[in-house]
Amino acid sequence: MALRTFAHMQALHAAHPHTAGITFLKGIEYLEAPGPAYLEPPPALLRDLPGFRLLDPSSSDSSDSFPRDGRVVWGCEYDTWCVNPMVYCAFLLRRFVHRGGRVVQLERELRRPEEAFALPLVGDGTLRAGAGAGAGGGDGNGDGVGEVAAVVNASGTGIVPDPDMTITRGQTCLVAEDCDATVTRQNADGSWTFCVPRGFEGGTIIGGTKELNNWDPKPSVEVRERLLSKFIETYPKILGDKPKLTVIRDIVGRRPTRNGGPRVEGEVVPGAGFVMHAYGLGGRGYELSWGVAEAVVEGVEKHVKGGEERKL
Ligand SMILES: Cc1cc2nc3c(=O)[nH]c(=O)nc-3n(C[C@H](O)[C@H](O)[C@H](O)COP(=O)(O)OP(=O)(O)OC[C@H]3O[C@@H](n4cnc5c(N)ncnc54)[C@H](O)[C@@H]3O)c2cc1C
């Protein structure tokens, strides 16, 4: 799915270099304690990436050098992409609407995906005025039921109580500086040091923590300082000739993590209809997005072809 997404990102970037919010740049990986899967030969998935090469710290080329603290023992680089989510998501939304998609904003949370079948949609797919306030949708006479051929449950955490779902808290920091590469360092103590340049004047995300099942919404200043200094130690080039990074804000987010991996599968819910689940993408929702989307389309088409043509 990541490779399918890579191909889509390449095509989108080529067709819309100034508006899609996608930047192609160097990806650099540094490992302090590489597991056997990383050691000779490097994993096929990595090896096949465009621009892949192992870094050789004994080379005189400065782009091969490892962080000066001497703890990194394995490194590689490859060509990859990053997005500025604000620009990219707005770009996707414009395309969706331009192609006839409609956006309905509910003033409540759905409790189960089945509720989406019962939303009182009018003929053009928009919500009937005043609808959406009651559980089960509207006036309870089933308006909309039967018009919807499939519901895609792309709710991040799944909506349906799923015992395998949890969250992974992530604290990161947005800084104003650009960076010429997206750098990821896996530290021997299990912590991570990374940067994700947003491009399009969006600054760079410096991260980050990965805390399973921690729901604390507040960022910690000490954690921010640790993340920034560890990143500067790893990739001092981000500073250019500045003495320090310019903090814009701290970010705390929750990655929708699922034990056993994402749930991407169809289910016929008795009394409701076909639900295509696509949730639990953890910290890789963007990286896997187009691969997941292809699987969703395949699942929905397979179902719809088996039944009468109805409104999606
Ligand atoms: C700190 C951090 C770092 C990350 N880094 C990366 C990274 O480097 N690469 C990467 O690919 N990803 C990264 N992610 C993960 C990425 O943000 C998620 O994987 C991605 O947002 C998941 O997308 P999604 O569309 O599946 O779910 P979401 O983005 O969670 O969207 C789900 C939508 O469903 C709606 N919804 C949910 N429940 C209900 C309900 N009951 N009723 C109505 N609406 C509902 C929500 O409001 C939301 O709009 C990171 C996340 C964090 C927090």
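Just so you know, ligand 1 is whichever comes first in the structure, and atom 1 is the first atom listed for that ligand.
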Please state which protein non-hydrogen atom is closest to [atom] and give its distance, to 0.1 Å?
atom: atom 43 (C) of ligand 1; result: L110 N, 3.7 Å
atom: atom 17 (O) of ligand 1; result: Y286 CE1, 4.0 Å
atom: atom 51 (C) of ligand 1; result: R255 CG, 3.6 Å
atom: atom 24 (P) of ligand 1; result: G156 CA, 4.4 Å
atom: atom 10 (C) of ligand 1; result: G283 O, 3.1 Å
atom: atom 37 (C) of ligand 1; result: S155 O, 3.2 Å
atom: atom 25 (O) of ligand 1; result: A154 O, 4.3 Å
atom: atom 26 (O) of ligand 1; result: L281 CD1, 3.8 Å

Would you say [atom] touches the protein, meaning some protein heavy atom is under 4.0 Å from it?
atom: atom 35 (C) of ligand 1; result: no
atom: atom 12 (N) of ligand 1; result: yes
atom: atom 47 (O) of ligand 1; result: no
atom: atom 8 (O) of ligand 1; result: yes
atom: atom 29 (O) of ligand 1; result: no

### Task
Walk me through it: do R53 and D64 pass the test side-chain contact (heavy atoms from CB on, under 4.5 Å)?
CA-CA 10 Å; R53 71 183 188 96; D64 275 35; 2.6 Å; yes
### Message
Is a donor from one side chain sitting under 3.5 angstrom from an acceptor on the other, for T168 and T257?
### Response
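The criterion, which ignores hydrogens and geometry beyond distance, is satisfied for T257 and T168.
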### Residues E287 and T5: side-chain donor-acceptor under 3.5 angstrom
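Note: E287 and T5 side chains miss the donor-acceptor criterion.
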### Side chain to side chain, V269 and E267, heavy atoms closer than 4.5 Å
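Answer yes - side chains close enough.
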### Query
Do L54 and F52 touch side chain to side chain, with heavy atoms closer than 4.5 Å?
yes
### Task
Any chance you could lay out the side-chain contact (heavy atoms from CB on, under 4.5 Å) test for Y279 and M165, step after step, and finish with the verdict?
CA-CA 9 Å; Y279 66 85; M165 272 313 300; 3.9 Å; yes
Below 4.0 angstrom from a heavy atom of [X], which ligand 1 atoms are there? Numbered from 1 as shown, please.
X: G253; result: 53 (C)
X: G285; result: 10 (C), 11 (O), 12 (N), 18 (C), 19 (O), 20 (C)
X: G282; result: 15 (C), 18 (C), 19 (O)

### Task
Enter the distance from I238:CD1 to D180:CG here, rounded to the nearest 0.5 Å.
9.0 Å
N/O to N/O below 3.5 Å, does that happen between [X] and ligand 1?
X: A278; answer: no
X: E287; answer: yes
X: I159; answer: no

### Query
Can T172 and L174 be said to form a side-chain contact (heavy atoms from CB on, under 4.5 Å), step by step?
CA-CA 7 Å; T172 57; L174 177 64; over 6 Å; no
### Message
I need the minimum non-hydrogen distance between T80 and F6, along with the two atoms involved.
### Response
CA-CE1, 3.8 Å
### Query
Where is the tightest heavy-atom contact between V304 and A149, given as atom of each residue plus distance?
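Scanning both residues completely, I find the closest heavy atoms to be CG2-CB, 4.1 Å.
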### Message
Please determine whether any non-hydrogen atom of G208 lies less than 4.0 Å from an atom of ligand 1.
### Response
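In this structure, G208 fails to qualify as a contact of ligand 1 - no heavy atom is under 4.0 Å.
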### Query
Going through the checks in order, is the salt bridge (Lys or Arg N to Asp or Glu O under 4.0 Å) test met by R111 and E109?
CA-CA 6 Å; R111 299 296 296 274; E109 280 194 348; 6.0 Å; no
### Query
What do we get for R254 next to ligand 1 when only non-hydrogen atoms under 4.0 Å count, side chain, backbone, both or neither?
backbone
#### Entry: Derivation of the side-chain contact (heavy atoms from CB on, under 4.5 Å) call for L55 and I28
CA-CA 9 Å; L55 301 181; I28 300 175; 4.2 Å; yes
### Query
Side chain of W192, backbone of K210: donor and acceptor closer than 3.5 Å?
no
